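Note that ligands are numbered from 1 as they come in the structure, with each ligand's atoms numbered from 1 the same way. Just so it is clear, the structure is predicted and the values come from calculations on it, not from any experiment.
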Amino acid sequence: MDLREIQRREATHFLPVVNRMPVAIVEGRGSIVVDQDGRELVDLTAGWGVCAIGHCHPRLVEAVRDQAGRLMQTTNLFYTLPQLETIETLAEITPPEITRSFLVNSGTEAVEGAIKLAHRATGRDKFVSTGGSFHGRTLGALSVIGQPKYQEPYRALLREPVVVPFDDVAAIEAAIDEHTAAVIVEPVQGEGGVNVASDGYLRAVREACDRAGALLILDEVQTGIGRTGRMLALEHDGVVPDVLTLGKGLGGGFPVAAFCCSEGVAETVQPGDHGGTYVGNPLAAAAANAVLEVVREEKLHERAAAVGEQLHDRLAAFAREHPDHATGARGRGLLRALVLADAERAAALPKRALEAGILVNVTAGNVLRFFPPLNIPEAELFESTATLLDLIRT
Ligand SMILES: Cc1ncc(COP(=O)(O)O)c(C=O)c1O
């Protein structure tokens, strides 16, 4: 079907809450997607940081196909083997203190679960978060994100969040008190502009939480599963949270997320505290198991670290050589950014990149974010980056 026809028909029935790019994606393999006209595009967004092992990785496709033919859904009332395998693997890849996990369907739901856990475990209702943070779009998640633009339309329904500047130890220490249930923070703010916490920041937050009897929730929906060059971004700082959220890369394209916690936190819940029709869905768990196996076997987190460094060198060199076009580069692993000098030109870049055969994202106004599959071939990554840098320069 031709793009105009797709657009005309969608315009009648799609709830218009998204500005679409002028392209329909019909297929994907590895880091390439194919549009409605059969044109191949390099996907530097990995379906929003999701396709960690690339689009339609044969092992993921096979695992989903196999599980779909066995059992697609039951309820969490019953044990299932795929879910058992997922929670055991999550216990292996998280710090030893994090022993319990619960599978849900999206990152936002994982954050909801984390908020509920923190309230249960502490009996408190104050949450502290950081400016520029993104934790999802349900009312609970909106209550703790640090981006007013998402909250404004729903202000009447939300609790007033306590938001402090990101990466500011004094500010967060001052905000955490005996009423604080939890601090929620991303080790690297993705949506907020690929802002990396300075060395020592998360440790200081951990200590402030301990002093006040508050929990630390690390939101690793975007940074987890190898994205920053470690299996989990918390490993860079050696900080152990009380609650951890995962999503995106966990399912590699299948909607699944998780919130995980320590034994002490788990002791405060009881049956009935949380649930959902699809939680622990066997198909989703089978997808997560395949992704975790591939990432671990192929050490894709280590690859992300090495390839991410090379990408950073190119972006940083560009910023140095073209200060009129870019003011800097930052990020970790394969969550990288080039900060563009001109917000108007930045806004126009994704469409120009699309015409050049590349899917990219600009976030926080002027931050060109790179979050490709962790196994993107170097040639695809660096050739498409060179094309993007040419576009930025001209
Ligand atoms: C750090 C973080 N938390 C939570 C979410 C929400 O996840 P989802 O869109 O799967 O609901 C996102 C999504 O971008 C995220 O980046």
Side-chain angles (χ1 to χ4, degrees), residues 17-18 44-52 102-118 127-147 149-151 154 161 163 166-167 182-197 202 205 216-228 230 232-234 236 239 241 243-260 274 276 278-279 281 284 287-288 291 331-337 359-364 367 369-372:
V17 291
V18 181
L44 298 183
T45 70
W48 240 237
V50 167
C51 301
F102 195 78
L103 300 187
V104 290
N105 312 298
S106 68
T108 304
E109 283 176 73
V111 168
E112 292 289 325
I115 292 172
K116 285 174 74 176
L117 271 186
F127 286 83
V128 175
S129 72
T130 59
S133 63
F134 187 80
H135 300 295
R137 291 168 181 266
T138 53
L139 293 174
L142 282 177
S143 290
V144 294
I145 74 175
Q147 297 196 56
K149 69 175 176 187
Y150 292 114
Q151 291 161 329
Y154 305 102
V163 179
F166 180 65
D167 206 25
V183 170
I184 179 164
V185 63
E186 298 157 87
V188 180
Q189 289 187 335
E191 179 84 13
V194 190
N195 305 309
V196 184
L202 292 179
V205 176
L216 173 62
I217 303 171
L218 285 185
D219 183 352
E220 292 230 31
V221 166
Q222 187 154 158
T223 55
I225 320 298
R227 172 64 48 199
T228 70
R230 303 283 182 95
L232 301 175
L234 59 80
H236 292 286
V239 167
V243 185
L244 171 72
T245 56
L246 297 170
K248 290 189 184 282
L250 181 62
F254 202 97
V256 62
F259 58 101
C260 317
H274 202 58
Y278 298 113
V279 297
N281 174 273
V291 171
R332 252 181 181 156
L334 277 175
L335 180 54
R336 291 282 168 185
L359 298 186
V360 288
N361 163 247
V362 170
T363 191
V367 179
R369 174 171 45 167
F370 294 75
F371 47 166

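Scanning for salt bridge (charged side-chain N to carboxylate O under 4.0 Å, His left out) contacts around E191 gives R369, with sequence neighbours left out.
Aromatic ring pairs are classed by plane angle as parallel below 30°, tilted from 30° to 60° and perpendicular above 60°; the pair F259 and F102 is tilted.
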Could you give the side-chain donor-acceptor pairs of residues 243-253 under 3.5 Å, partners two or more places apart or in another chain?
residue	atom	partner	partner atom	Å
T245	OG1	D219	OD1	2.8
T245	OG1	E220	N	3.4
K248	NZ	W48	O	3.0

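For residues 136-145, the set of pairs meeting the side chain to side chain donor-acceptor pair (under 3.5 Å) definition, not counting sequence neighbours, comprises E112-T138.
Of all non-hydrogen atoms in G107 and A257, the two that sit nearest each other are N-CB, 3.7 Å.
No hydrogens or angles considered: a donor-acceptor pair under 3.5 Å links the side chains of H236 and T228.
Protein residues are said to neighbour a ligand when one of their heavy atoms lies under 4.0 Å from it; for ligand 1 these are S106, G107, T108, F134, H135, G136, E186, D219, V221, Q222, K248.
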